[in-house]
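Scroll down for the structure; my scribbles are underneath it.
Quick note on labels: first sequence line is chain A, next is B, and so on, each numbered from 1.
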Protein chains: 2
Amino acid sequence: MPTTADDLRRVALQEFAAAGYLGTSLQQIADRAGVSKATVLYHFTSKEVLLEAVLSPALDQLDGILGQVGLAGLQRGGQSRTEFLERFVDFLLEHRSAVYIFVNQATSLVDIPVVERANAEIELISRYFEENVGSVEEKVRFGVALGGAAYLLAGAPVSMPEPDLGALRTALLNVLSDLLAPSAPSRSTTRSTGTAD
Amino acid sequence: MPTTADDLRRVALQEFAAAGYLGTSLQQIADRAGVSKATVLYHFTSKEVLLEAVLSPALDQLDGILGQVGLAGLQRGGQSRTEFLERFVDFLLEHRSAVYIFVNQATSLVDIPVVERANAEIELISRYFEENVGSVEEKVRFGVALGGAAYLLAGAPVSMPEPDLGALRTALLNVLSDLLAPSAPSRSTTRSTGTAD
DNA sequence: TCAAAATCTGACCGATCGGTCAATTAGCCT
DNA sequence: AGGCTAATTGACCGATCGGTCAGATTTTGA
């Protein structure tokens with residue numbers, strides 16, 4: 001049975017992702033949750049605190065992923081890199097709305113602690129893949145992979161007609177493998193898995 | 001010699017990209033341009049009109065690119081596809097701020113004509129690449145390419161230390177070629193061009 | 001020169017924002 | 001039943017938002 005606070009978190013997540021943090025008023029969230037604006041501010045002392053409550057679960061899980069795999073296991077040719085990528089894609093799919101908020105609104109949400117914490121973690125992942133190298137193309141590949149995945153997941157103009165999550169997961173895994181593979185693309189090996197084509 | 005209207009367009013473009021359309025007040029733009037808020041509204045009858053004036057040049061140029069190359073020339077294996085990609089990357093680089101605004105804030109700027117026009121064009125480009133196929137993986141590749149490029153160009157958390165535009169252009173061209181190639185990745189063929197690595 | 005046109009500004013407007021607070025209602029424990 | 005706490009609410013606050021307007025200033029052109 002969902003509590004009022006749960007409802008507010010759910011509604012706020014949707015609204016923040018769809019209309020943006022700045023474009024969403026506490027009144028809107030209150031209306032869609034069926035409570036008054038004062039009630040929202042009773043459960044969450046400020047709009048910023050509400051944002052933090054909305055985004056923290058995703059960040060915590062990301063922390064867990066980074067901790068489990070560990071820096072050492074992510075050498076350039078290491079096997080655990082594939083494992084990391086798989087967990088990472090699953091994370092992106094599960095927390096797609098939160099990821100979308102992070103990636104698309106991070107620049108306009110400076111000085112908000114939870115957003116800066118997210119930026120720090122993105123930078124940490126970035127260092128995983130760059131390691132000692134850090135050529136321009138490596139940076140570009142990583143940036144495109146991260147930003148592109150987030151952009152896609154939110155169902156932007158380029159829409160996914162059917163939210164076939166299984167096929168989406170497979171495709172995303174292939175594409176990211178290509179982008180982040182240190183030398184040889186691995187796309188052809190795991191070509192089709194989902195829908196018939 | 002830049003006119004006041006030019007200054008306002010320039011400042012507004014920077015602010016809209018950095019803090020978001022909703023996160024930028026007319027007062028901020030006026031201050032940074034060294035004029036009063038009323039002057040802003042004298043040159044541009046509303047904030048929405050200012051946004052349109054800021055984004056239109058990029059959209060017009062995109063129109064030109066799409067018109068020149070033409071739909072017919074963009075068959076799956078067609079040669080003009082590379083040519084299109086090159087023009088497209090140059091377009092992304094020249095209008096990086098405008099592209100960033102489009103991609104990152106399109107969902108929160110509904111009912112604004114210039115943004116809907118941009119969405120229509122993005123969908124048009126999408127259809128170029130999908131053509132008859134449109135498998136899930138093709139869609140994912142396109143979405144990642146477009147969103148990823150835009151995300152990267154705005155200098156998000158994963159920063160480009162030196163804005164070496166030449167190297168950036170080459171790298172971006174390679175990555176997008178990989179992503180949008182119908183079958184065989186072409187990364188290795190045009191590996192390095194810019195900085196020494 | 002001088003009036004007409006273009007440009008710029010401060011004062012002001014209604015609306016909405018995030019947030020506070022006292023008062024009311026609902027649930028819980030003994 | 002009765003008291004205690006949690007939950008909810010409407011009224012209200014100062015600040016800021018986009019936008020209007022009358023008037024001052026500058027530029028232009030015949």
Worksheet item: Going through the distances and angles, do B:Asp178 and B:Arg141 end up as a salt bridge (Lys or Arg N to Asp or Glu O under 4.0 Å)?
Response: CA-CA 9 Å; B:Asp178 277 13; B:Arg141 297 188 96 82; over 6 Å; no

Worksheet, complete the sentence: Per the under-4.0 Å heavy-atom filter, residues of residues 16-32 of chain A near DNA chain D come out as none

Discussion item. Using every non-hydrogen atom in the two residues, find where A:Asn104 and B:Tyr100 come nearest and quote the distance to one decimal.
Written reply: O-OH, 4.4 Å

Worksheet entry | Along DNA chain D, first and last positions that approach a heavy atom of chain A under 4.0 Å | D:dA6 to D:dG10

Worksheet entry | Under 3.5 Å: donor-acceptor pair, side chain of B:Lys37, backbone of B:Gln28 | no

Fill in: salt_bridge(B:Arg169, B:Glu86) N-O dist < 4.0 Å
yes

Item to complete: Begin from the C-alpha positions of A:Arg117 and A:Asp63 and carry the test salt bridge (Lys or Arg N to Asp or Glu O under 4.0 Å) through to its verdict.
Response: CA-CA 11 Å; A:Arg117 179 181 155 211; A:Asp63 267 339; 3.0 Å; yes

Practice prompt. Could you pull out the closest heavy-atom pair between A:Phe102 and A:Ala118, with the gap in Å?
Written response: CE2-CB, 3.1 Å

Practice prompt. Kindly confirm or rule out a cation-pi arrangement of A:Lys47 over A:Phe16, judged by NZ or CZ under 6.0 Å from the six-membered ring centre and within 45° of its axis?
Written response: no

Worksheet item: Can you list, by residue number, the residues of residues 35-48 of chain A that have a non-hydrogen atom closer than 4.0 angstrom to DNA chain D?
Response: A:Val35, A:Ser36, A:Ala38, A:Thr39, A:Tyr42, A:His43

Discussion item. Test your reading of the model: is there a side-chain donor-acceptor pair from A:Gln105 to the backbone of A:Tyr21, 3.5 Å cut-off?
Written reply: yes

Worksheet entry | Main-chain N/O of B:Leu153 paired with B:Arg96 side-chain donor or acceptor, under 3.5 Å | yes

Worksheet item: Of the non-hydrogen atoms in B:Ala98 and B:Leu13, which two are nearest, and what is the gap between them?
Response: N-CD1, 3.9 Å

Practice prompt. Give a yes/no on whether any side-chain N or O of B:Thr4 is located under 4.0 angstrom from OP1 or OP2 of C:dC8.
Written response: yes

